[in-house]
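Just below is one structure, and these are the notes that go with it.
Remember, it's a predicted structure, so these values are computed and weren't measured experimentally. Side-chain atoms are counted along with the backbone in the values below, which use heavy atoms only and exclude waters and symmetry mates.
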Amino acid sequence: MIEGFEFDRDGDIARLTFARPAKKNAVTYEMWSALPGIVDEVEADPAIKVLVLTGAGADFSAGADISEFGDLRSSADGAMAYDKVVDGAVRALSGMRKPSIAMIRGNCIGGGCQISVACDFRFAEPSARFGITPAKLGIVYDFRSTHQLVSLIGPAHARYFLLSGNLIDATRAREIGLLNDIFAPETLEDGVREFANVLCARSQASIRGMNAIIGKIQAGQDSDDAEIAEIRSAAIRGEDYAEGVAAFLERRTPNFRHR
């Protein structure tokens, strides 16, 4: 595993931890570069159904490691190369078919917030703080991440975030749709695990198929296509559909075995 990351598994659930607590879990260039490969491994592993991302210590992530910018972003070409790596990480995470959950404590700012927005779900404790700060650095936020943010919280709130660079607390983040839920510090782990277990118990064919369709909608597609038709047709012909219908008729909990 790349320095700055910790990766572990507990049954069907994998956890990727940003592990630089002394630096508020700032994301290095090497970490950005490694994210697509980690995502590919999670997607390919049949034993994993859900990926949880979190930070070690008191923070999720305070963003990209700005101490590297003098070397890596000192020229326009260097900045463009750096941004391409960040875009690859965001593209990989947001393109996952297996669900991803951001479990957030403390600072979730800049690139850290960007990563959380690329996840499917976000849960936080009350002390979490959120912000995206390109306007403080003379950077124009990239199209993909801007689109994701606008889709999630709407253009007015996205403008507030991006143009002001101001931080908001967890309560406000939930009000505008950035967070799915807030848990007390002592119950955050249990709350996220409970929700992850719900996802693990559902039909994985349904979850991954619907995630694929949602991804197409977010990319601007506004009508059906052959791939969507095949996803839905395969689901109807699959074991999960037969088990789901049988369980409903027999008034029992379905036992989906498909991974």
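- Side-chain N or O atoms of Ser203 include none that pairs as donor or acceptor with a backbone N or O of Asp240 at under 3.5 Å.
- Ion pairing of Glu230 with Arg237 is present here, as a side-chain N (NZ or NE/NH1/NH2) and a carboxylate O approach within less than 4.0 Å.
- Under a 3.5 Å cut-off, the side chain of Asp59 and the backbone N or O of Asn107 do form a donor-acceptor pair.
- Of the possible donor and acceptor atoms, one in the side chain of Ser164 sits under 3.5 Å from a partner among the backbone N and O of Tyr160.
- Checked by atom type and distance alone, the side chain of Thr17 never pairs as donor or acceptor with a backbone atom of Ala19 at under 3.5 Å.
- A distance of 8.0 Å separates CD of Gln148 from CG of Asp142, quoted to the nearest 0.5 Å.
- Put simply, the side chain of Asn25 gets close to the backbone of Ala56: a donor and an acceptor are under 3.5 Å apart.
- Here the side chains of Arg73 and Ile139 are in contact, with some heavy-atom distance below 4.5 Å.
- Within the structure, every pair that satisfies the salt bridge (charged side-chain N to carboxylate O under 4.0 Å, His left out) test and touches residues 20-29, not counting sequence neighbours, is listed here: Arg20-Asp65.
- Cluster membership for Val50 and Ile38, using ILVMFWY side-chain heavy atoms within less than 4.5 angstrom, is not shared.
- Contact of the Cys113 side chain with the Phe60 side chain is not registered, since no non-hydrogen atoms from C-beta on lie closer than 4.5 Å.
- Here the CG-CG distance, from Asp40 to Asp45, works out to 12.5 Å after rounding to the nearest 0.5 Å.
- Side-chain contact between Ile176 and Ile168: present, with at least one pair of heavy atoms (C-beta onward) separated by less than 4.5 Å.
- The aromatic ring centres of Tyr82 and Phe69 sit less than 6.0 Å apart.
- Put simply, the side chain of Cys200 reaches to within 4.5 Å of the side chain of Ile13, judged on heavy atoms.
- Between Arg15 and Asp10 there is no salt bridge, since no side-chain N of the basic residue sits under 4.0 Å from a carboxylate O of the acidic one.
- Two residues are said to be in side-chain contact when any heavy atoms from C-beta on lie closer than 4.5 Å; Met96 and Asn211 fail this criterion.
- Of the candidates Ile104, Ile109, Val117, Phe130 forms a side chain to side chain contact (heavy atoms under 4.5 Å, CB included) with just one, namely Ile104.
- Side chains of Val86 and Gln114 form a contact here, defined as non-hydrogen atoms less than 4.5 Å apart.
- Shown here are the salt bridge (Lys or Arg N to Asp or Glu O under 4.0 Å) partners of Glu250, two or more places apart in sequence or in another chain: Arg252.
- Legend: residues meeting ring pair (Phe, Tyr, Trp, His ring centres under 6.0 Å) with Phe143, ordered by chain and number and at least two apart, are His147.
- Between Lys216 and the options Asp222, Asp224, Asp225, a salt bridge (charged side-chain N to carboxylate O under 4.0 Å, His left out) holds for only Asp225.
- Separating the CD1 atom in Ile207 from the CZ atom in Phe256 is a distance of 9.5 Å, to the nearest 0.5 Å.
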| request: Test Phe7 against Phe5 for side-chain contact (heavy atoms from CB on, under 4.5 Å), laying out the working first. | output: CA-CA 7 Å; Phe7 185 85; Phe5 281 135; over 6 Å; no
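- Using modelled atom types, one side-chain atom of Lys98 and one backbone atom of Ile48 make a donor-acceptor pair closer than 3.5 Å.
- The CZ atom of Phe18 lies 6.0 Å from the CE atom of Met31; values are rounded to the nearest 0.5 Å.
- Side chain of Ser94 to main chain of Val90: a donor-acceptor pair is present (N/O by atom type, distance under 3.5 Å, no hydrogens or angles).
- Between Leu93 and Cys119, the shortest heavy-atom contact is CD2-SG, 3.9 Å.
- Between the side chains of Glu125 and Ser127, at least one donor N or O sits under 3.5 Å from an acceptor N or O.
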| field | side-chain contact (heavy atoms from CB on, under 4.5 Å) evaluation trace for Glu243 with Asn255 | value | CA-CA 7 Å; Glu243 169 61 13; Asn255 181 20; 3.8 Å; yes
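- Phe195 and Leu53 end up in different hydrophobic clusters when Ile, Leu, Val, Met, Phe, Trp and Tyr side chains are linked at under 4.5 Å.
- Linking Ile, Leu, Val, Met, Phe, Trp and Tyr whenever their side-chain heavy atoms come within less than 4.5 Å leaves Leu178 and Phe123 in two separate clusters.
- Of all heavy-atom pairs between Leu162 and Pro134, the closest is CD2-CG, 4.2 Å.
- Residue Arg232 places its CZ atom among 12 or fewer non-hydrogen atoms of other residues, nucleotides or ligands, all under 6.0 Å distant.
- Within the model, atoms CE of Met210 and CD1 of Ile231 stand 11.0 Å from one another, a figure rounded to the nearest 0.5 Å.
- Here the closest heavy-atom approach between residue Gln221 and residue Ile228 is recorded as NE2-CD1, 3.5 Å.
- With a 4.5 Å cut-off on side-chain heavy atoms, Leu16 and Val52 do not count as touching.
- Rounded to the nearest 0.5 angstrom, Leu152 CG and Gln218 CD are separated by 8.5 Å.
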| Does the pair Val85 and Tyr29 meet the rule for a side-chain contact (heavy atoms from CB on, under 4.5 Å), with working shown? | CA-CA 8 Å; Val85 170; Tyr29 178 85; 3.4 Å; yes
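- Here the closest heavy-atom approach between residue Leu188 and residue Arg105 is recorded as CD2-CG, 3.8 Å.
- Remark: Asp169 does not engage Arg129 in a salt bridge, criterion side-chain N to carboxylate O under 4.0 Å.
- Minimum interatomic distance between Ala235 and Tyr241 (heavy atoms only, all atoms of both residues): O-CB, 3.3 Å.
- Using a distance-only test at 3.5 Å, with no hydrogens or angles considered, a donor-acceptor pair links the side chain of Ser100 to the main chain of Asp120.
- The two residues Ala158 and Ile153 have their closest heavy-atom pair at N-CD1, 3.7 Å.
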| task | Could you go through the side-chain contact (heavy atoms from CB on, under 4.5 Å) check for Lys136 and Thr133 one step at a time? | result | CA-CA 6 Å; Lys136 294 182 177 180; Thr133 55; 4.1 Å; yes
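- Counting only heavy atoms from C-beta outward, the side chains of Ile101 and Leu199 approach each other to under 4.5 Å.
- Taken together through direct or relayed side-chain contacts under 4.5 Å among Ile, Leu, Val, Met, Phe, Trp and Tyr, Trp32 and Ile2 form part of one hydrophobic cluster.
- Leu163 and Leu137 fall within a single hydrophobic cluster, where Ile, Leu, Val, Met, Phe, Trp and Tyr are joined by side-chain heavy atoms under 4.5 Å apart, directly or via other members.
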